[in-house]
Number of protein chains: 2
Amino acid sequence: MNIGDVAQRSGLPAKTIRYYEDIGLIKPMRDTNGYRRFRDSDLHKLAFLGRARALGFTIEDCRTLLALYEDNTRASADVKDLAQAHLAKIEDKILQLQSMRDTLSELVHSCAGDNRPDCPILSDLATGQH
Amino acid sequence: MNIGDVAQRSGLPAKTIRYYEDIGLIKPMRDTNGYRRFRDSDLHKLAFLGRARALGFTIEDCRTLLALYEDNTRASADVKDLAQAHLAKIEDKILQLQSMRDTLSELVHSCAGDNRPDCPILSDLATGQH
DNA sequence: CTTGACCCTCCAGTGACTGGAAGCCCTATG
DNA sequence: CATAGGGCTTCCAGTCACTGGAGGGTCAAG
């Protein structure tokens with residue numbers, strides 16, 4: 001398969017796939033014309049990466065996950081630990097965003113949104129007081 | 001005030017304050033020795049920026065907000081629109097993260113986390129099937 | 001006069017791509 | 001056989017909002 005094929009099948013942009021090769025996540029073969037030639041195993045890895053990235057794992061996490069995936073002697077505890085740490089970060093971020101949302105939502109609702117200049121949003125930003 | 005003072009009072013790192021000057025958000029004076037000299041109005045702006053950033057506004061949004069803040073003829077609708085658009089983005093991101101969290105949480109719970117290699121997290125990443 | 005805490009500028013790196021330029025390769029058509 | 005298009009290649013630069021560090025000037029206290 002050429003890069004266009006795997007891009008379509010994996011759902012990843014060709015640019016991203018080249019980038020993943022650059023940073024050593026995949027190692028496709030090369031045809032004599034210089035084109036990358038992808039085996040099924042490469043496609044498989046890319047799909048794996050796509051799903052891991054969609055769950056918000058960092059590239060370095062993905063590298064580790066791939067290594068664990070390919071190591072048949074892994075302990076599932078290692079995978080679970082990684083996933084749990086990541087889950088904790090996500091939950092943290094959700095809390096942060098929710099707090100932003102709550103404040104912002106309150107401000108938005110308290111603003112008339114007409115053509116007068118008075119604006120509680122700006123007042124709040126200026127003073128830190130509601 | 002020198003940069004250290006405003007850093008402490010605004011809660012922003014000195015590096016960040018220099019960066020904000022670089023990109024034209026603030027324009028502190030200079031002493032003869034080359035040190036930045038901050039007026040109260042600069043400190044005020046920095047505090048404003050700190051609060052806007054804490055609400056997740058981008059730097060460009062902050063630039064606009066500052067301009068609106070300093071424009072006494074602004075329409076509060078302009079501020080509200082900006083804030084509402086930002087709120088929508090935050091809510092979007094929360095939904096994305098919650099979806100990640102749900103999937104991930106399910107996977108984590110289904111993984112034994114012992115020293116055996118069997119791991120539903122990896123199986124899911126590999127196949128996209130639970 | 002020295003020490004230590006400030007301050008300065010400039011450069012490079014972060015994460016994970018993304019866009020674009022310049023140019024080679026392959027296939028199909030006139 | 002020439003050409004047009006689409007796909008492939010590499011390399012460089014830009015994104016966002018800082019952050020770290022090198023290398024060096026300035027200031028107040030002892």
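Below, read A as the first sequence line, B as the second, and so on, with proteins coming before strands; counting in each chain starts at 1.
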Undergrad: Is the shortest heavy-atom distance from the side chain of B:Met1 to the side chain of B:Asp40 under 4.5 Å?
TA: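 B:Met1 vs B:Asp40: side chains touch.
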Undergrad: Rounded off to whole Å, could you give me the CD-to-P distance for the A:Glu60 and C:dT14 pair?
TA: 11 Å
Undergrad: Rounded off to whole Å, could you give me the CZ-to-P distance for the A:Phe38 and D:dC8 pair?
TA: 9 Å
Undergrad: To the nearest Å, give me how far apart CG (B:Asn33) and P (C:dC7) are.
TA: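 Whole-Å distance recorded here is 11 Å.
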Undergrad: Measure from the side-chain heavy atoms of B:Ile59 and tell me the nearest of D:dT9, D:dC18, C:dA16.
TA: D:dC18
Undergrad: I need the CZ-C1' distance between A:Arg30 and C:dC25, as an integer number of Å.
TA: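 Value for this atom pair: 14 Å.
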Undergrad: On DNA chain C, compare the nucleotides closest to A:Lys15 and B:Lys15; which residue's is nearer the 5' end?
TA: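 Residue closer to the 5' terminus by nearest nucleotide: B:Lys15.
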Undergrad: Give B:Arg37 one of three labels, base, sugar-phosphate or nothing, depending on what nucleic acid heavy atoms sit under 4.0 Å from its own.
TA: nothing
Undergrad: OP1 or OP2 of D:dT19 sitting under 4.0 Å from any side-chain N/O of B:Thr16?
TA: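 Looking at the OP1 and OP2 atoms of D:dT19, one of them is under 4.0 Å from a side-chain N or O of B:Thr16.
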Undergrad: Measure the shortest side-chain to side-chain distance between B:Met100 and B:Leu97 over non-hydrogen atoms and say whether it is less than 4.5 angstrom.
TA: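 Of all side-chain heavy-atom pairs linking B:Leu97 with B:Met100, at least one is under 4.5 Å.
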Undergrad: May I ask you to evaluate whether A:Arg36 reaches the phosphate of D:dT9, defined as a side-chain N or O under 4.0 Å from OP1 or OP2?
TA: yes
Undergrad: Distance check needed: C:dC11 P versus B:Asp22 CG, whole Å only.
TA: 12 Å
Undergrad: Could you check whether A:Tyr20 gets within reach of a base, just the sugar-phosphate, or nothing at all, counting any heavy atom under 4.0 Å?
TA: sugar-phosphate
Undergrad: Can you check the B:Asp61 CG to D:dC16 P distance for me, whole Å?
TA: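 The answer, rounded to whole Å, is 11 Å.
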Undergrad: Whole Å only: how far is the CD1 atom of A:Ile23 from the P atom of C:dT18?
TA: 13 Å
Undergrad: Regarding B:Arg18, tell me which of base, sugar-phosphate or nothing describes its non-hydrogen contacts under 4.0 Å with the strands shown.
TA: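 Touches a base.
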Undergrad: Of all the choices, D:dT9, D:dT19, C:dT18, which nucleotide is nearest to the side chain of B:Pro13 once you look at every atom?
TA: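 For the B:Pro13 side chain, the nearest candidate turns out to be D:dT19.
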Undergrad: Is there a donor-acceptor contact under 3.5 Å from the side chain of B:Asn2 to the main chain of B:Gly4?
TA: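 Flag not set: sc B:Asn2 to bb B:Gly4 has no pair under 3.5 Å.
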Undergrad: Within this structure, what is the CD1-to-P distance between B:Ile3 and D:dC27, rounded to whole angstrom?
TA: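 Those two atoms, CD1 and P, are 16 Å apart.
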Undergrad: Establish whether the base of C:dG15 is bridged to the side chain of A:Tyr19 by a donor-acceptor pair shorter than 3.5 Å.
TA: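 Absent.
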Undergrad: For A:Phe57 and A:Leu65, run side chain to side chain contact (heavy atoms under 4.5 Å, CB included): C-alpha distance rounded to whole Å, both residues' side-chain angles, the deciding distance at 0.1 Å, then the answer.
TA: CA-CA 9 Å; A:Phe57 285 103; A:Leu65 285 170; 3.8 Å; yes
Undergrad: Salt bridge check: are B:Arg18 and B:Glu21 linked by an N-O gap of less than 4.0 Å?
TA: no
Undergrad: Quick check for you: among C:dA16, C:dC25, D:dA17, whose closest atom lies nearest to any side-chain atom of A:Arg53?
TA: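 Nucleotide nearest to A:Arg53's side chain: C:dA16.
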